[in-house]
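Numbering of residues begins at 1 and proceeds along the displayed sequence.
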Amino acid sequence: MIKKNRLLKHFLILSACLACCIGCNSNFKNPSAVYLVMAEHATTAATSTIRDLKNDLEKVLEEDVFIITPNSTVPENTLVFILGTSQDTFINKFVTNGQVKLSKSKPGSGGGVWAINTYHKNKAIVIAGSDEQGLQYAIYDFSKDVLGVDPLEYWTGKLPQKKKINDLLNFEPKIIAPPKVPMLTYFENDVDELANYRGELLKYDWESYTEMINSLVRLRYNSIQLFDMLGRPEFFIRPEYKALKPDYQIDIDYVEKMIDYAHEKGMKIAVDFALGYQIHPMDAEKADCWKTYKADWLQAWRYYFEDTPLAKTDVFILRPRHQVWDWKYESTCGESKIEVFNEVYAAFGELVDEYKPESQKVLVCYSDGMEMWNNGFRPPKDWTVLWSDHGFGEFEHLPSTTDGYDFGTYMHAGYWLNHTVHNPYPEKVESVMKEMFHKYDADNYCLVNGQNFRPFLLNLVAYSQVCYSPDDFHADTFYKDWTEQYFSPEAAEHAVNSMKYLSEAQEGRKGYVEHLWEIREAVSYLSNAPIERPGKSPVPYDYNRVIGDVENVERINVVLKKAITEAKLGYEKLGNNDNFYHSYVLLPAQLYSDLIAFETSLHKMAQLKKQFENTKDKQYLKEAISILPAAKTQLDTILDRRSTGDIDDKWKNWYAIANRRQNNGFPSYDMLNAIETNLTKMTL
């Protein structure tokens, strides 16, 4: 027993000595600061990313963080980050010594490494990339996985926990593989709320827009397609927008500033070179006869290249559609649209080669573009072809052949028919994208339409992850991991259940904005008035339009009640005090349910009116009129929740009616008054 005690005592003393020696040798007992070593002539994007790492470190550490170059002196007893690419000389010293396995081809473009090493007797963390993009991904992954910094922090409000410097060494050396899809583009489209919620209508708030870019870069979106901010035709032509902002005028200098910021963050700029933007609009009547107005099209494109910030475009996108309005090309001069766009893509491609050689050219086969492709439309071979979903993550058509072209996809995280309330569908993201990768090799490019960004975060992250590593993406695991990073496991389970019901409620390409049109159909019938559409012929009132929606709305109402029940259970688990849970899980279900309740009342009234028309019994009209007070209360609820529903002051104006996208109108008290006037008149 005495011998055992002596052995134990000697072992403890030896262990203590070893620990002391390790501490002395590493000179890392009580680290006093952190130094980030970067190349003296680092690129703008690399410098920006390293500054982001510095900011992230300062969020979690009490110690000072400094950025230096390799020839600077590093004090002892500090933690050092070695940050660079395989092209940097000081990184190559580690490679030459065999301490870090890295080259331009290994792990490859967009890939990188994490490693632990030493630097001037200090502990060092090496984060390096095969190229600039690989360095970015490696750094942002480290911030997320080791520091706990949420890539969506600005939007979710989730802050990282404080750490000790020693905690930063608790990771396994890692190779960050290149993404499966090398080009992941975010499409800024239908972004009214993002532009409007801070007060100045249709002008992008600098903070919100740049924070969107900051988050996208961290999610591996390496390009952004500008659209709305170029002055989409609706903003200065459609009556609804002219009434909203009659003096709308694009600020070209501001656009260029945004382009420069995206470039500084390492993102490429993609632009659909349509010809209707206010930046240099072409007359719409010239956009439906190529053979007559070819010179005008080419002149307009040359103007973009020579006299606008669009000269800074990196990825040139074109749709085989009307080049002013986003609708089908229907020639007014007897042309075949397939023959037209075979010529258009060749001619525009030559312009791109003249002004920006080596740039990427992308054909988006949106809507009828897919039918055109399957019927023989072919651009020159140096165009990448994107196959388009139907707006809700699935395809109505599939390619009959890829014909040797580089193929990719155009997907929607959100769509204009559900613009206000998201449709979470990671299951579709998994099944559809994996099928496109497997069957069609459509992994060369992915364009993701994020609408107004904030409501569609979950799907945006899902597309990011499946495009990075499809083999590792599984919808159920993704749902669980994504929600549990923000909520407790118990609350997260209810959040997932609620979002699945919310998605189920939108089966059949239905969504919040689609129901606004259905409401207009019901109001039209109840008030015996056609639906007026500026610039288009009126839509006659018709009971058949209404009754066709009734059964589905009843189904949706049942499903949404389940979504709200689950959302409330999760919210209660969090003590009813989590702003992000409220805004992302509970509020969308409530907003959608409010609208459905109102539509249901209109449907009941419409059915009663129809019974009167069939029987001439005025009692049915009186019953219909008796529903109006309840409908008014339901409209009160809709308007109140949209103006005050978001409890986070940061987003308090997001759902305000004045800030909403001007699609399909919005129910009003005037509509109810018109219904009451008409039904009362019919009783006389």
Side-chain angles (χ1 to χ4, degrees), residues 187-192 195 202 225-245 248-250 270-301 303-304 308 310 316-338 340-341 343-345 347-348 362-372 377 386 388 390-391 410 412 415-417 419 447 449 451 513-514 517 531-539 661-665:
F187 181 13
E188 64 97 6
N189 177 50
D190 294 348
V191 296
D192 298 50
L202 300 181
Q225 180 187 336
L226 308 183
F227 185 62
D228 282 25
M229 69 177 295
L230 301 179
R232 63 186 299 164
E234 290 93 327
F235 291 174
F236 59 96
I237 295 176
R238 271 180 55 179
E240 301 95 322
Y241 280 102
K242 291 178 78 171
L244 186 71
K245 191 174 178 64
Y248 174 78
Q249 181 61 52
I250 185 174
V271 175
D272 183 333
F273 265 55
L275 299 172
Y277 305 119
Q278 196 188 37
I279 201 168
H280 185 65
M282 186 175 78
D283 292 337
E285 57 266 25
K286 294 183 178 180
D288 49 19
C289 181
W290 162 253
K291 67 182 180 183
T292 300
Y293 296 108
K294 175 180 178 179
D296 295 271
W297 290 34
L298 294 173
Q299 182 182 11
W301 282 325
Y303 184 88
Y304 281 166
T308 76
L310 300 192
F316 293 86
I317 295 175
L318 206 63
R319 296 185 182 194
R321 293 176 57 83
H322 192 284
Q323 291 301 295
V324 171
W325 293 102
D326 187 18
W327 56 47
K328 293 181 181 180
Y329 183 86
E330 295 180 348
S331 177
T332 57
C333 50
E335 304 162 303
S336 158
K337 64 181 178 181
I338 289 178
V340 164
F341 283 101
E343 291 184 24
V344 167
Y345 277 76
F348 180 68
V362 175
L363 154 64
V364 177
C365 284
Y366 183 66
S367 188
D368 60 317
M370 291 177 284
E371 180 184 352
M372 291 169 63
F377 161 52
L386 304 192
S388 303
H390 64 18
Y410 169 38
H412 287 76
Y415 190 50
W416 73 269
L417 291 178
H419 177 78
L447 173 65
N449 190 327
Q451 295 288 290
V513 177
E514 174 71 359
W517 178 256
I531 302 175
E532 297 293 339
R533 300 182 300 169
K536 298 181 180 179
S537 58
V539 178
R661 174 112 180 106
Q662 301 295 305
N663 279 2
N664 285 353

Classify the angle between the aromatic ring planes of [X] and [Y] as parallel (below 30°), tilted (30 to 60°) or perpendicular (above 60°).
X: H412; Y: Y366; value: tilted
X: W297; Y: F341; value: tilted
X: W301; Y: F348; value: tilted

E514: which residues meet the side-chain hydrogen bond (donor to acceptor under 3.5 Å, both in side chains) condition with it, sequence neighbours left out?
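If we apply the side-chain hydrogen bond (donor to acceptor under 3.5 Å, both in side chains) test to E514, skipping adjacent residues, there are no hits.
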What residues form a salt bridge (Lys or Arg N to Asp or Glu O under 4.0 Å) with D192, not counting sequence neighbours?
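Residues passing salt bridge (Lys or Arg N to Asp or Glu O under 4.0 Å) with D192: R661.
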Less than 6.0 Å separating the ring centroids of F316 and F273?
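Aromatic pair counts; centres sit under 6.0 Å.
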Are [X] and [Y] side-chain neighbours, meaning at least one heavy-atom pair lies under 4.5 Å?
X: S331; Y: W290; value: no
X: D368; Y: K337; value: yes
X: W517; Y: L417; value: no
X: D288; Y: Y293; value: no
X: F227; Y: V271; value: no
X: E234; Y: Q662; value: no
X: F236; Y: I250; value: no
X: Q278; Y: Y248; value: yes

Do the side-chain N and O atoms of [X] and [Y] include a donor-acceptor pair separated by under 3.5 angstrom?
X: W416; Y: Q451; result: no
X: Y410; Y: N449; result: yes
X: Y329; Y: Q323; result: no

So which atom in [X] and which in [Y] form the shortest heavy-atom distance, rounded to 0.1 Å?
X: G276; Y: P233; result: O-CG, 3.5 Å
X: L226; Y: Y277; result: O-OH, 4.4 Å
X: G369; Y: P320; result: CA-CG, 3.9 Å
X: A287; Y: H322; result: CB-CE1, 3.3 Å
X: L275; Y: A300; result: CD2-CB, 3.7 Å

Less than 4.0 angstrom from a charged side-chain N to a carboxylate O is my criterion; do K328 and E330 meet it?
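Salt bridge flag = no for E330 with K328.
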Note: R232-D190 ion pair, threshold 4.0 Å (strictly below)
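Yes, charged N to carboxylate O under 4.0 Å.
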Against D272, only a single residue in L230, V362, L318, L447 fulfils side-chain contact (heavy atoms from CB on, under 4.5 Å); can you say which?
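When side-chain contact (heavy atoms from CB on, under 4.5 Å) is applied between D272 and each of L230, V362, L318, L447, only L318 qualifies.
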Does any N or O in the side chain of R319 come within less than 3.5 Å of the main-chain N or O of A274, such that one atom is a donor and the other an acceptor?
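No; judged by distance alone, with no hydrogens or angles, the pair does not exist.
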Within the distance-only criterion (no hydrogens, no angle test), does the side chain of K245 pair as donor or acceptor with the backbone N or O of L202 below 3.5 angstrom?
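The answer is no, because no donor-acceptor pair under 3.5 Å joins these two groups.
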Report the distance from atom [atom1] of [X] to atom [atom2] of [Y], rounding to the nearest 0.5 Å.
X: R533; Y: N664; atom1: CZ; atom2: CG; answer: 10.5 Å
X: M372; Y: S367; atom1: CE; atom2: OG; answer: 10.5 Å
X: I531; Y: S537; atom1: CD1; atom2: OG; answer: 11.0 Å
X: Y304; Y: H280; atom1: OH; atom2: NE2; answer: 7.0 Å

Test disulfide bond (SG atoms under 2.5 Å apart) applied to C365 - qualifying residues, sequence neighbours left out:
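C365 satisfies disulfide bond (SG atoms under 2.5 Å apart) with no residue once adjacent residues are dropped.
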Intermediate values then yes/no, side-chain contact (heavy atoms from CB on, under 4.5 Å), D228 and F235
CA-CA 9 Å; D228 282 25; F235 291 174; 3.8 Å; yes
Tell me, with the steps shown, if H419 and N663 meet side-chain contact (heavy atoms from CB on, under 4.5 Å).
CA-CA 9 Å; H419 177 78; N663 279 2; 5.8 Å; no
Is it true that, when you exclude E371 itself, more than 12 heavy atoms of the residues, nucleotides or ligands shown sit nearer than 6.0 Å to its CD?
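At most 12 heavy atoms, drawn from other residues, nucleotides or ligands, come within 6.0 Å of this atom.
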Looking at E532, I want to see if its CD is surrounded by more than 12 non-hydrogen atoms of other residues, nucleotides or ligands under 6.0 Å.
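More than 12 within 6.0 Å, yes.
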